[in-house]
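Proteins come first, then strands; the chains are lettered A, B, ... in the order of their sequence lines, and each starts at number 1.
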Amino acid sequence: MSLMFDENGRPFIIIQEQEQKQRLRGIDALKANIAAARAVARTLRTSLGPKGMDKMLQSPDGDVTVTNDGATILKEMELKHEIAKLMVELSKAQDDEIGDGTTGVVVLAGALLEKAEMLLDKGIHPSRISEGFERAVDIAMPVLDSISEQIDFEQNDHEQLRRVAMTTLNSKIVHRIREELGKVCVDAILAVADMERREVNLDLIKLDGKVGGKLEDTALVHGIVVDKDFSHPQMPKRVDDAKICILTCPFEPPKPKTKHKLEIDSVEAYKEMQVAEKAYFTDMVQRVKASGATLVICQWGFDDEANYLLLKNELPAIRWVGGVEIELIAIATGGRIIPRFEDVSEQKLGYAKTVREMSFGTTRDRMIVLEECASMKAVTIFVRGGNKMVVEEAKRSIHDALCIVRNLVTDNRIVYGGGAAEVACSLAISEAADQIEGLEQYGVRAFADALDSIPMALAENSGMQPIESLSHAKAKQMREKNPRIGINCMKYSTDDMKEQYVYESLRSKKQQLQHAAQVVKMILKIDDVIEDKNYN
Amino acid sequence: MQSGNARAMHAPFGMGVVPNVLGDGAYEERGENARMSNFVGAIAITDLVKTTLGPKGMDKILQSQSGSIMVTNDGATILRSLLIDNPAAKVLIEISKTQDEEIGDGTTSVCCFAGELLRQAEKLLENHLHPQTIALGYRMAAKAALAKLESLAVDFKHDKEIFRKELVKLAKTTLSSKVLAQSMDHFACLAVDAILRLEGSTNLDLIQIIKQSGGSLADSWLEPGFLLQKKLGVGQPKVMHNARILVANTGMDTDKVKIYGARVRVDSLARVAEIEKAEQAKMMAKCEKIAAHNCNVFVNRQLIYNRPEQFFTSKGIMAIEHADFDGVERIALVTGTTIVSTFDDPESVQLGECEKIEEILIGEEPVIRFSGCKAGSACTVVLRGANVQLLDEAERSLHDALCVLSQTASVESRMVLGAGAAEMAMASAVDGAASLEQGKVALAMEAFATALRALPAIIADNAGLDAADLVATLRAHHAEGRHTLGLDVNEGVIGDAEEMGIRESFKLKYSMVNSAVEAAEMVIRVDDVIKAAPRKREDPHGRH
């Protein structure tokens, strides 16, 4: 196939070493790609919604992850196929930017591809299908805008935000304590939010976990938890009104970056060096002490001698604290990170009301908590749980909930979840489709059909009749002109998603549609796949 | 374009062919298959450990890859040693480990209970209950069960005398299923004494366990002072009264040069001698400084070379070298001193004190005994026994008992009844709650109660009793509200757990139910298992 002839009838080679390469062209390539992408979407489909199931993933090293989070599943799946990897990227993009809806976007892309495949069978050219999808997205965006509502949470009433967080947690294993966690998440976000600029820096919220205890013990610490203990076993386990000196230089004689050698050739020089060595240590400790610090946090280790001198000077110290944590501590305590002992001064110290050591269970597990820091900006959510997998999954779930609360703080326009927004868009798009002339009409209509598959998956996962539930929701939306009707997964008495508090941020929903359509367009554009057989 | 469309019409590509999107060697199990393999794995693990449950439970021999042998009854130890390739089974092992770390005991029960919950869930799935419904039912049942457990819990902390007696009962319950059962009373008292010395601390590092083969288990004793498994320096006094102890962490071989990049360069042998002399002088100066502290015992974490040792001997100072980190910390704690690393300021150093230090022999091993110490919280348990395996198992058993006791004595002092009474009471409470519930969740709740009742049934089975009969009778009794009744495995009848004196820690039971439900829910919710190809050991740089 890939052999061609020039005008003189001599063959020439287009692809080197043909026999080692596999080549798919035209419609075959398209279909193979679509099948791969759909295989990925099919795996995620059952995880969608409040009654979605979890996936158990075993890593090459035998570690087990149990999760419901689309982005995590795809990340851990070790996908090999190039197109399948595109889907991973898709959910990752959603995760990075929005943090929630990572499953939904992949399922939607899978549904779009399924519809596209049908159109291909009808003989419609892939670019026409893409154009149709593009038109459909253009129709859907204003529809989403028009059905969006603003939620108001300014007046000390964070009930709304809490409800939204709870909705996100509903589909996760932490379901049992969603009320407590919802509150934790909202409090955490509000603690770090800059309400005037409407910005939330999620880096200020540290998610930390320790196996043991029960999920109910999960708590928000208004401060920072560091997985370290005091450097000397006899230092006090609690420091009140701590003035914190944050160091990024070791308690050791300096190590100049330039290569050097200090040659000792006489007894005097040797003694001189001993004196200098000692002076270094006392000098370092004195400088810190003189600044008025009552706690030292250091990124590096200390020599035994320095450690003892610190103890003697009643300077409790924590060593080997990671770079990220050092930064967080600096932000929270309002201190400056001090890279050299010469720079230690009182103005650069941070402050925390209490610093104490916590211990857990029967093993020697200790952590240090810095509470009531000078600026309350940084907080820690400390997760406990019966086993490692629960703790990890709880952390992921909390992250999702934090993201959605953050999105509402930055942009408080919402649409309703439970498939309601999809149904509304689908109705609007199918109506508009009839007005479109040309082949795009098919693409537009297919997009509407694909949107329907989200509420259908929701219904299916909840053990309901998918088609029946969808047609019911559609009919009711038409009849009552109420875009809030969705799939009643939880079998509450109402299927109005506003009353069930199932919200999704407008930005998230818009992005889902746009990203899914883009990836699908990209896949539909590929008509030739050349693969090296020796690869892998 | 035309040809493209035409091609589409006649594309021979078959539908339904799903290309393999996963990496090489990875595979995916879906739906029923995934669930099946999970349940089978988890139940297999449960069946493996369940014979060790209860006072008549059996032990297992574990042979490691290197051929060493371990005989144990401890669930966590057994599970930890297994090489498992089933993700669901790993979840169970994980909760057992956590139970071990948090509570110290109940590691087998938690695994068995989770396994029984899954066994029941499997039956419910066969009857077409949605997994989420089962999970919901289990959660509701756990709530009811824990509420009941809470109402049954009693606290004896207010009265010291009674509290001690109850603690002994608690220790006996824990020990009864272990190798220490033969001298249970002895060890129960020993463990309780050790824990009460801690006065509310949960730091078990303060209790040191020394194992020395020889003698019998009953010869084990609790040493109120502190034992250090080290030898004294040669030619130094073997007994020291009114010791003033300096505990240090410092190099007593040669002081390393701490200035980066410094090195000694000499051009003649004479210079070498000079430097060597200076080095020696430095060390001796250090020794002098140590001696200036007016101590008569010097304990160092690191090595002490011969020369300094000789110096100390001549000064009449007892020198103990190479006391490891734990040892140094314990001595410092027991004798009330600080661990010192520089010696320039003798006045500010608080020396440790104890009445007597002597070298004694346990079996044939010399150890150093510190008696009459200032702070009395630390102590040492000396275990004697016929062989290493027995001693190891004895240590694990004692450790379990100490963990449970320390948690009870300090954190959560409430206790519940053992002998299956607590489980039966919880089961009857769950039954009650289930009968009020509408819908399918009630089935799941009933299944939860059945799983709870499986625990006493396993205990009875292991004791060779008619489990079905006993548990059914117990069930009837508990339904009538006699919540103190449990199994008397020694007599093979139903007995009053309160009279038999079988107590268990509330925290243990609580966390058992909690983690088992968490784990079971986790496994039930899974409908898809994706296994990556195992990493190839011999080719760490290979592609994956």
Side-chain angles (χ1 to χ4, degrees), chain A residues 26-28 31-32 35-36 39-40 43 46 51 53-61 64 66 77-81 84 120 123 125 173 176 211-212 214 233-234 253 255 260-265 267 270-271 273-274 277 303-305 307-309 312 361-363 386-390 463 536, chain B residues 1 4-5 7-9 11 13 18-19 21-24 26 87 90-91 94-95 98 101-102 104 130 132 139 204 249-250 258-266 274-275 278 282 329 332 338-342 348 403 514-515 518-519 521-522 525-535 544:
Chain A
I27 208 78
D28 287 351
K31 289 214 168 172
V40 176
T43 302
T46 53
K51 300 257 170 161
M53 305 293 280
D54 292 358
K55 307 276 174 269
M56 198 174 239
L57 303 140
Q58 195 173 23
S59 81
D61 299 318
V64 178
V66 180
M77 255 171 92
E78 262 207 23
L79 291 165
K80 178 192 72 174
H81 200 283
L120 285 175
H125 192 273
I173 194 150
R176 178 155 58 94
V211 177
K214 46 185 191 287
Q234 282 163 325
K255 289 181 184 173
H260 71 291
K261 265 184 198 150
L262 178 70
E263 312 248 308
I264 298 162
D265 54 2
V267 174
Y270 183 75
K271 283 185 176 150
M273 192 193 63
Q274 283 174 23
E277 195 180 278
D303 192 81
D304 284 341
E305 213 169 309
N307 202 3
Y308 173 65
L309 279 173
K312 217 172 76 176
T362 62
T363 43
N387 58 55
K388 200 170 73 201
M389 297 108 187
V390 165
N536 274 333
Chain B
M1 282 305 104
N5 277 341
R7 191 186 294 278
M9 299 285 202
F13 191 84
V18 179
V21 291
L22 293 167
D24 280 340
K90 278 196 179 132
V91 173
E94 191 66 33
I95 55 168
T98 313
E101 280 160 19
E102 281 287 303
H130 193 284
Q132 296 278 12
R139 277 199 297 267
L204 288 180
N249 176 14
T250 187
K258 285 165 189 159
I259 292 183
Y260 186 69
R263 65 173 207 175
V264 176
R265 181 181 179 146
V266 288
E274 270 172 37
I275 297 276
K282 189 185 172 196
E329 262 183 48
T338 48
I339 301 169
V340 184
S341 292
T342 58
S348 71
C403 286
N514 237 334
S515 353
E518 251 167 42
E521 183 181 343
M522 208 162 195
R525 284 170 58 112
V526 169
D527 76 333
D528 201 321
V529 179
I530 301 161
K531 282 188 190 172
R535 201 182 293 289
H544 39 256

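- Only the side chain of A/Leu309 comes within contact range of chain B, with at least one heavy atom under 4.5 Å from a heavy atom of that chain.
- Here B/Met522 is the residue among B/Glu521, B/Met522, B/Lys90 with the most heavy-atom pairs under 4.5 Å with chain A.
- Among A/Leu79, A/Val40, A/Asn307, the residue making the largest number of heavy-atom pairs under 4.5 Å with chain B is A/Leu79.
- Of the two parts of B/Asn514, only the side chain, counted from C-beta on, holds a non-hydrogen atom closer than 4.5 Å to a non-hydrogen atom of chain A.
- The shortest side-chain heavy-atom distance between B/Pro87 and B/Val529 falls under the 4.5 Å cut-off.
- Taking the side chain as every heavy atom from C-beta outward, A/Thr46 and A/Lys55 approach each other to under 4.5 Å.
- Contact annotation: the side chain of A/Met56 approaches that of B/Val91 to within less than 4.5 Å [non-hydrogen atoms, C-beta and beyond].
- Between B/Glu518 and A/Met389 there is no side-chain heavy-atom pair separated by less than 4.5 Å.
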